[in-house]
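A quick write-up on the structure given underneath.
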Amino acid sequence: MKTYTYKANSYDNLYDLAEALAHDGTFIPRTISDTDLEQLGVVVAEAEEPIENIRARKIVELKRQRDAAEVEPIAYGGHLYDYDSKARDRISAAIIALDVQGEGAKISWTTADNEDAVVTADDLRAIVAAVAVRSNALHVAYRTAKAQVEAAGTADEVRAVTMN
């Protein structure tokens, strides 16, 4: 992150610096180089981004990783089953339909690995249960990683945090 100092005043962005220069009658383009700014008496420096920003960005990254992992296919009975929003709706509807048909009812299901598997309502419930276990593990890992991010003292420590 660049900072600009002009006449003992510091500016965090080029827009504010341009306004200060304009008050002195100097108008600059948005694409002005650091070298040209220095010739105008501006000190250009690289400043470390505030750790709060780095932490916030890392937490968003961890949430995205968690959320993406929650909808990945889930393994059950030697197959992978989709578990995105459409798949969840289909599984719920199939459980109801199979329950209405009675005990022992089965349906052919196309799996995430594009194979046909014959499943029962109990199989579909077991898939939902496996997802719940995975989801819980993901949320525990996220909370642990988030706590590490919040406790980190440096930007490098924040960047090093991963969800395990």
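All values derive from a computational prediction rather than experimental measurement.
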Between Asp24 and Thr26, is the side chain to side chain donor-acceptor pair (under 3.5 Å) condition met? List the steps. CA-CA 6 Å; Asp24 290 343; Thr26 304; over 6 Å; no
Can you list the steps and then say if Lys2 with Asp34 is a salt bridge (Lys or Arg N to Asp or Glu O under 4.0 Å)?
CA-CA 10 Å; Lys2 289 187 181 180; Asp34 292 348; 2.7 Å; yes
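- Within 6.0 Å of CG in Asn114 there are 12 or fewer heavy atoms belonging to other residues, nucleotides or ligands.
- Contact record, Glu48 with Ala155: OE2-CB, 3.6 Å, taken as the closest heavy-atom pair.
- A 6.0 Å sphere centred on CD of Glu103 holds no more than 12 heavy atoms belonging to other residues, nucleotides or ligands.
- Without hydrogens or angle criteria, Arg66 side chain to Met163 main chain gives no donor-acceptor distance under 3.5 Å.
- A donor atom on one side chain and an acceptor atom on the other are found under 3.5 Å apart for Thr162 and Asn164.
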- Run the side chain to side chain contact (heavy atoms under 4.5 Å, CB included) check on Val60 and Lys63 step by step: do they pass? CA-CA 5 Å; Val60 168; Lys63 282 182 185 178; 5.6 Å; no
For this session: Check the pair Arg125, Asp122 against salt bridge (Lys or Arg N to Asp or Glu O under 4.0 Å), reporting the backbone distance first and the verdict last.
Result: CA-CA 5 Å; Arg125 285 186 188 97; Asp122 286 341; 3.2 Å; yes
* Run the side chain to side chain contact (heavy atoms under 4.5 Å, CB included) check on Lys106 and Gln101 step by step: do they pass? -> CA-CA 9 Å; Lys106 297 178 181 183; Gln101 292 176 32; over 6 Å; no
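- At distances below 3.5 Å, at least one donor-acceptor pair connects side-chain atoms of Asp123 with backbone N or O atoms of Thr120.
- Looking at Asp82 and Arg90, no side-chain N of the basic residue comes within less than 4.0 Å of a carboxylate O on the acidic one, giving no salt bridge.
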*Check step by step if side chain to side chain contact (heavy atoms under 4.5 Å, CB included) holds for Ile59 and Tyr142.*
CA-CA 9 Å; Ile59 289 170; Tyr142 165 77; 3.4 Å; yes
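- Contact record, Ile51 with Ala152: CD1-O, 4.1 Å, taken as the closest heavy-atom pair.
- Looking only at distances, no side-chain donor or acceptor of Lys58 sits under 3.5 Å from a matching main-chain atom of Val149.
- Taking each heavy atom of Arg159 and Ile54 in turn, the nearest pair found is NH2-CD1, 3.6 Å.
- No option in Ile91, Thr110, Ile127 other than Ile127 meets the side chain to side chain contact (heavy atoms under 4.5 Å, CB included) test with Tyr81.
- In this structure, Ala121 and Leu98 approach most closely via the heavy-atom pair N-CD1, 3.4 Å.
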**Request:** Evaluate the criterion side chain to side chain contact (heavy atoms under 4.5 Å, CB included) for residue pair Thr3 and Asp12; output intermediate values, then yes/no.
**Result:** CA-CA 5 Å; Thr3 61; Asp12 293 331; 4.2 Å; yes
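- Ala145 approaches Leu62 most closely through the heavy-atom pair CB-CD1, 3.8 Å.
- A distance-only check finds a donor-acceptor pair linking the side chain of Asn13 to the backbone of Tyr15 [under 3.5 Å].
- Checked by atom type, the side-chain pair Asp156/Thr154 shows no donor-acceptor distance below 3.5 Å.
- Between Pro50 and Met1, the shortest heavy-atom distance links the atoms CD-SD, 4.2 Å.
- Between the side chains of Ser92 and Asp89, no donor N or O sits under 3.5 Å from an acceptor N or O.
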